[in-house]
Amino acid sequence: MTDPIATLFIDGQWTASSSGATRTVFCPADQSEVGVVSEATAEDVERAILAARRAFDSRVWADTPAAERGDFLLRVADALQERKAEFARAEALDTGKRLVEAEGDMDDITACFRYFGKIADQTPGRLVDAGDPSVISRVVKEPIGVCGMITPWNFPLLQASWKIAPALAAGNSFVIKPAELTPHTTILILDVLDRLGLPAGVANLVLGDGGVVGAPLSSHPEIDLVSFTGGLVTGRKIAEAAAHGVKKVALELGGKNPNVVFADADYEAALDNALNAGFLDSGLVCSAGTRLIVQDTIAEKFVDELVARAEDIVMGGPLDEKAETGPLVSKEHRDKVTDYVQRGIAAGARLRTGGHWGGPEHEQGFFYAPTVLDQCTAENPAVVEEGFGPVITVETFSTEEEAIAIANDTEYGLAGAVWTSDSGVANRVSRRLRHGTIWINDYHPYLPQAEWGGFKMSGVGRELGPTGLEEYTESKHIYENTEPAVSGWFPRK
Ligand code: NAD
């Protein structure tokens, strides 16, 4: 990769946009220029999809033994650790998140490649008893084909790795489009795949606008599966476009995640993690615990202390060592969060802290102060909608039944937590919450070995875990009669 503007990767070649168009990427913490990248055209996307199709049909990767594909992913993991500083810096500058958080993301990304590297050859299919000793019946797992991947800006490479690693483990080809605001680490990972010798056309990268560059990845006839992580509105469009071609669809969408605190919980841990749940990475986490649902007997004290602690959080740019959280990703996004909070207040929520853009030192960036809204009702738009910012709404409950009802009262179902020292309560509540991940006395950890995804409008399908690999395969039944015989249905006359 010599020319910085040749940042599309199509059919094994770094290439500029066919129109010559470029896009400048800015750091949201101070609007400094991060880099200039190619802006693909519809024609470039067409070339990328056809390259992926040719590579798949050639079987060059699909027929590489699964154990070798796994070894390749382990080498990717090693390369990611070797280049961790470079990747983390690129991620931090694109997103504005703190460098230490981006470094943590790199470890998670490496773990994802290692996990899928290790299980790549663990899908041998199964023998089926056909009830006839002369028949060999087996179900095999095959790669699904050409995968379209569309990713968001909050965890750009992490979300990409949850798709790239299982897709390659299963033997597919792909075309990926990262969010237009945060392309650099996806460019870097394609560089890693290329340097490690992935055959040309197996991995392709297009950059640019969702409507122009992303849309064909859900509608093109040569795409077999589209895997999308992003917002609900875009997810619907993608599902509709894919439905026309009856494509397999995997959607990881938003969340409106309940963090339920019972009065008997470990108070300090619950308080500390309520901050972490809502304000980590400025709340730009699909599973952020933005709905604090706290038992009424402790609510007043708990919320007072949450507010005091939120006011102490230091905002700053990626390389500011004093910073504890970063900015939002863009001006447009901050406008959305500002509007969301104002509508919440207009609907009766009480602003306890935040609701502003920080001090004079934050003026160059798109910061939004950690915000707590209490006295929220179930209908308040701040409780109903995914704000996707550092905003915690507070609701209270008195009984276990009430806590469950409030926590499930959302069209989303991605994640949630329950805090209690009563293991019976923890077990009952965790079983009844209709969300894809439940934490008991913790918030945020996830494991590459465990499935991730949403109930209800939080998505379709699962990433990570064995199911995350299976999403990238088709099942095929092969029925072999080892003793062919005349069936006699239509006798010779
Ligand atoms: P977004 O939906 O605006 O954009 C996501 C991607 O879709 C971008 O690459 C964008 O360019 C592309 N896109 C936009 N319009 C498109 C179209 N018509 N066709 C194809 N692609 C199109 O989402 P965002 O604002 O970048 O990300 C934030 C959202 O992502 C939040 O709702 C968050 O909850 C969600 N998210 C979910 C998870 C999860 O695991 N469930 C993880 C991270 C983020």
Side-chain angles (χ1 to χ4, degrees), residues 23 25 28 37 39-40 42 45 94-95 97 105 108 112 148-163 175-183 186 205-220 223 226-242 247 249-257 280-290 328-330 332-337 340 385-389 410-416 435-437 444 446 448 450-464 468 471:
R23 177 188 291 265
V25 178
V37 299
E39 178 81 3
V45 184
D94 272 5
T95 59
K97 70 170 66 176
D105 291 351
D108 288 351
C112 172
M149 302 172 179
I150 303 166
T151 51
W153 43 255
N154 58 341
F155 288 89
L157 189 58
L158 185 71
Q159 299 302 333
S161 71
W162 291 11
K163 303 181 193 309
V175 181
I176 188 164
K177 191 208 90 67
E180 40 280 59
L181 298 173
T182 56
T186 312
L205 167 68
V206 288
L207 303 172
D209 180 72
V212 176
V213 181
L217 299 183
S218 54
S219 59
H220 196 287
I223 295 280
V226 54
S227 177
F228 169 75
T229 302
L232 176 59
V233 174
T234 315
R236 279 205 184 102
K237 284 188 200 160
I238 285 170
E240 280 168 17
K247 296 182 194 313
V249 177
L251 301 175
E252 294 288 345
L253 306 178
K256 193 67 205 177
N257 313 292
L280 178 81
D281 201 12
S282 307
L284 301 176
V285 185
C286 49
S287 51
T290 51
L328 301 183
V329 77
S330 64
E332 291 68 30
H333 186 64
R334 186 177 61 182
D335 289 346
K336 271 194 209 164
V337 173
Y340 158 86
E385 297 169 23
E386 185 192 42
F388 220 54
T410 166
E411 63 185 7
Y412 291 106
L414 187 60
H435 299 266
T437 294
H444 278 317
Y446 79 93
E451 279 73 1
W452 177 269
F455 284 37
K456 300 195 274 181
M457 290 208 201
S458 285
V460 176
R462 289 292 179 270
E463 296 197 293
L464 304 180
E471 291 277 12

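These values consider heavy atoms only, across backbone and side chains, with no hydrogens, waters or symmetry-generated copies. Whatever order the structure lists ligands and atoms in, that order sets their numbers, starting from 1.
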Cation over ring, K237 on F228, under 6.0 Å and within 45°? no
Should you measure from each heavy atom of [X], which atoms of ligand 1 turn up under 4.0 Å away?
X	result
A179	8 (C), 9 (O)
L414	41 (N)
Q159	42 (C), 43 (C)
N154	43 (C), 44 (C)
P178	9 (O)
G231	1 (P), 2 (O), 23 (O), 29 (C), 30 (O), 32 (O)
T229	5 (C), 36 (N), 37 (C), 38 (C), 39 (C), 42 (C), 43 (C), 44 (C)
K177	9 (O), 10 (C), 11 (O)

With sequence neighbours left out, what residues match F455 under ring pair (Phe, Tyr, Trp, His ring centres under 6.0 Å)? none
Option whose closest heavy atom lies nearest to atom 39 (C) of ligand 1, chosen from C286, P152, G436, G214: C286
Looking at non-hydrogen atoms alone, which of L253, L158, D209 comes nearest to atom 41 (N) of ligand 1? L253
Any heavy atom of F155 sitting closer than 4.0 Å to ligand 1? no
On a heavy-atom basis, the closest approach of S287 and A415 is CB-CB, 3.8 Å
